[in-house]
Amino acid sequence: MAKLRHVAMQVPDLEKAAAFYEKCFELKRVVKAETEIGNAIMLSDGVMNLTLLHFPKGTTGGVNGPDWAGLHHLGFVVDDYDETKKLIEKEGGKFFFKLPWLPGVDAESKFKDPNGVVFDVSEHDWRQARD
């Protein structure tokens, strides 16, 4: 069975966005990552994560430029990655790419649904869900 793991939003200012969600919804900061592919702050309510992403000029992975804000992708944790991948592809989804291992990045396999919406799949849950 799959479970929603996180929602990722691209934002123009990571710290400003993180402060908003921390203050308004009491989300807790889990980790901050600054990498050559982009930057992220992961927030959590203890079950779900809200991942805030920013892609400065020169980085890859952003949507509509570094000043754009909106839904970037969804993430799911599944019991069996291989079986889920087969089902995704059978139903018209396509493998997109696998994130490389980088400090602070919880690497996942990215897919696109039949409409082109990006989502990722992982067999492991976020660290704070295990604590």
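For clarity, every value in this text was computed on a predicted model and none was experimentally measured.
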Flag yes if Val118 and Phe97 sit in one hydrophobic cluster, no otherwise; membership is Ile, Leu, Val, Met, Phe, Trp, Tyr, and two members link when side-chain heavy atoms are under 4.5 Å apart.
yes
Run the numbers on Tyr21 and Met9 for side-chain contact (heavy atoms from CB on, under 4.5 Å), then give the verdict.
CA-CA 12 Å; Tyr21 289 101; Met9 293 188 326; 3.3 Å; yes
Can you get from Val121 to Leu87 by hopping between Ile, Leu, Val, Met, Phe, Trp and Tyr side chains that sit under 4.5 Å apart?
no
Leu50 and Leu52: side-chain contact (heavy atoms from CB on, under 4.5 Å), yes or no, with the steps?
CA-CA 6 Å; Leu50 172 60; Leu52 303 172; 4.0 Å; yes
For Phe111, which residues count as a ring pair (Phe, Tyr, Trp, His ring centres under 6.0 Å) partner, sequence neighbours excluded?
Phe95, Phe119
Rounded to the nearest 0.5 Å, how far does CG of Asp113 lie from CD1 of Ile88?
10.0 Å
Shortest non-hydrogen contact from Ala18 toward Ile41
CB-CD1, 3.9 Å
Lys110 NZ/CZ over Phe96 ring centroid, <6.0 Å and within 45° of normal
no
Closest contact, heavy atoms only, Ser122 versus Arg5
CB-NH1, 3.7 Å
Could you check whether any side-chain N or O of Glu36 sits under 3.5 Å from a backbone N or O of Thr59, counting only pairs where one atom can act as donor and the other as acceptor?
no
Strictly distance-based, threshold 3.5 Å: is any side-chain N or O of His6 a donor or acceptor partner for the main-chain N or O of Thr51?
no
Just so I know, are the side chains of Leu27 and Ser44 near enough to count as touching, which here means a heavy-atom distance under 4.5 Å?
no
Quick one: does Phe55's side chain get under 4.5 Å of Gln10's, heavy atoms only?
yes
Mind checking whether His73 and Leu53 have side chains closer than 4.5 Å, heavy atoms only?
yes
Are any non-hydrogen side-chain atoms of Lys85 and Ser109 less than 4.5 angstrom apart?
no
Nearest heavy-atom neighbours spanning Trp68 and Leu71
CH2-O, 3.5 Å
Check whether any side-chain heavy atom of Leu43 sits under 4.5 Å from a side-chain heavy atom of Lys28, and report yes or no.
no
Could you list all the salt bridge (charged side-chain N to carboxylate O under 4.0 Å, His left out) pairs where at least one residue sits in residues 7-19, not counting sequence neighbours?
Glu15-Arg29, Glu15-Lys32
